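None of these values were measured; they are calculated from a predicted model. Below, chains carry the letters A, B, ... as their sequence lines are ordered, and counting in each starts from 1.
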Number of protein chains: 2
Amino acid sequence: MSVGFQDKTVAPGGPGMAPLNPVEVEVIHLFVQFSRALGQPRSVAEIYGLLFISHRPLPMNELIGRLELSKGSASQGLRYLQDLGAARTVYVAGDRRTHYEAVAELRNLAGRFLRQQILTHFQDSGARLAHITTQVEKLPGEERKHAIGRVKMLRSWEKNAKRMLPLVLRILGNGR
Amino acid sequence: MSVGFQDKTVAPGGPGMAPLNPVEVEVIHLFVQFSRALGQPRSVAEIYGLLFISHRPLPMNELIGRLELSKGSASQGLRYLQDLGAARTVYVAGDRRTHYEAVAELRNLAGRFLRQQILTHFQDSGARLAHITTQVEKLPGEERKHAIGRVKMLRSWEKNAKRMLPLVLRILGNGR
DNA sequence: CAATTTGTTCAATAAAAAATGAACAAAAAA
DNA sequence: TTTTTTGTTCATTTTTTATTGAACAAATTG
């Protein structure tokens with residue numbers, strides 16, 4: 001089918017591209033819902049969902065065609081998933097395109113995701129808390145008393161959050 | 001100070017409004033960071049942060065002035081926090097304005113937040129999974145085999161997530 | 001009563017996040 | 001070599017989300 005010229009950003013389930021079957025639709029929907037709860041972009045969830053349910057590795061090309069994504073979204077989404085360890089590349093003999101498959105080990109996945117989220121958002125919260133602890137002493141009487149209690153509370157919250165992480169990961173790990 | 005006429009949407013730390021002290025600034029910053037990780041709006045985090053560290057209940061008025069919020073944001077943010085159980089109203093004698101204080105019991109807070117997030121986003125995921133389970137049987141050989149495994153995996157993930165919730169809440173509860 | 005304060009609602013606007021697609025580069029095929 | 005395929009990057013556009021502030025209502029004060 002070599003008519004040449006135009007860029008092949010193939011249409012929805014376009015030329016020679018199977019439309020999504022009911023199971024694929026439902027599974028993708030599930031991941032999209034999940035992604036909303038986690039604040040991840042829909043396109044990434046769609047890509048992961050399709051890779052997850054697909055019985056063979058897929059090239060970017062096919063993700064674009066069947067999910068109606070732009071090249072840009074597909075490329076960026078795949079990179080994001082790879083960085084997260086949620087997708088990996090697969091060599092397919094006789095096809096020069098890179099193929100992708102889902103990595104489905106929940107333990108690693110969740111672990112990396114949590115770490116990424118937590119590290120980017122909480123980086124220096126420990127240092128900040130320490131700093132606040134000293135600043136609090138400079139407050140006038142009334143306020144100081146209350147503030148000291150609150151800062152203690154914050155530190156306790158932080159401690160519990162840290163205690164929780166490994167536990168959460170262990171439970172998730174049970175699911176393989 | 002009754003010159004009349006203009007709406008009192010008071011300026012930053014405006015007339016007769018104490019600017020935020022260093023401790024308040026830092027604590028608010030902490031909550032704002034936290035809110036980003038959880039995908040909550042900044043204004044809500046600011047309100048909660050100031051209520052949390054303040055040693056006395058505050059009227060909406062003061063939140064607007066010291067945090068430089070619009071009336072709308074303040075009103076909506078406070079309602080959101082109340083619905084979540086993260087803030088409550090307090091009666092202050094001789095002042096007709098409603099005053100607010102932070103509710104700092106992490107167990108309830110986290111519990112309600114998780115429930116809210118999960119219920120709104122996952123509502124019918126159980127039913128969906130059941131439906132997928134039946135649909136999978138209609139797939140052609142190759143695909144069916146793989147899909148059955150994946151669906152089993154999804155069900156296992158769901159089970160683990162459910163197991164985890166009470167545990168997480170229990171640990172958080174230890175912090176009072 | 002009229003004037004003022006307190007607070008809510010919601011259409012309009014601003015800000016942030018995600019998706020697009022054109023421009024480009026590298027590798028492979030013809 | 002030229003052409004085509006495969007893929008990345010990033011400025012622009014679209015979509016989504018959050019904030020604003022004007023209009024309004026209810027309660028309070030004088």
Open item on the list: Could you tell me if R150(A) sits above the aromatic ring of F52(B), with its cationic atom closer than 6.0 Å to the ring centre and no more than 45 degrees from the axis?
Closed with: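 Flagged: R150(A) positioned over aromatic ring of F52(B).
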Determine whether [X] and [Y] fall in the same hydrophobic cluster, where Ile, Leu, Val, Met, Phe, Trp and Tyr are linked whenever their side-chain heavy atoms lie under 4.5 Å apart.
X       : Y       : answer
V92(B)  : L58(B)  : no
L109(B) : L165(B) : yes
F34(B)  : V103(B) : no
I64(B)  : V90(B)  : no

Is the shortest side-chain N/O distance from [X] to OP1 or OP2 of [N] below 4.0 Å?
X      : N       : value
S75(A) : dT9(D)  : no
R96(A) : dT6(D)  : no
S73(B) : dA18(D) : no

Checklist entry - Has the side chain of R79(B) got a donor or acceptor atom sitting under 3.5 Å from an opposite partner on the base of dT8(C)? => result no
Quiz item: What about K71(B), does its side chain sit under 3.5 Å from the base of dG7(C) through a donor-acceptor pair?
Solution: yes
Between [atom2] of [N] and [atom1] of [X], the distance in whole Å:
X      : N       : atom1 : atom2 : result
R97(B) : dG7(C)  : CZ    : C1'   : 12 Å
L78(B) : dT6(C)  : CG    : P     : 15 Å
L67(A) : dT20(C) : CG    : C1'   : 15 Å
L69(A) : dG7(D)  : CG    : P     : 14 Å
N61(B) : dT8(C)  : CG    : P     : 13 Å
L81(B) : dA18(D) : CG    : P     : 14 Å
L63(A) : dG7(D)  : CG    : P     : 10 Å
D95(B) : dT29(D) : CG    : P     : 10 Å

**Prompt:** With no hydrogens and no angle check, is any side-chain donor or acceptor of Q117(B) less than 3.5 Å from a backbone partner on L114(B)?
**Reply:**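 Absent.
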Give the nucleotide from the list dT9(C), dG21(C), dT8(D) with an atom nearest to the side chain of Q76(B).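 Selected nucleotide: dT9(C).
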Among dG21(C), dT8(D), dG7(C), which nucleotide has an atom closest to any side-chain atom of M60(B)?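 Between dG21(C), dT8(D), dG7(C), the one nearest the side chain of M60(B) would be dG7(C).
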Interface with DNA chain C, restricted to residues 25-50 of chain B and to heavy atoms under 4.0 Å: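 Here the set is R36(B).
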Exercise. Answer yes if the side chains of R36(B) and T120(A) hold a donor-acceptor pair under 3.5 Å, and no otherwise.
Key: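 The answer is no; no qualifying pair exists.
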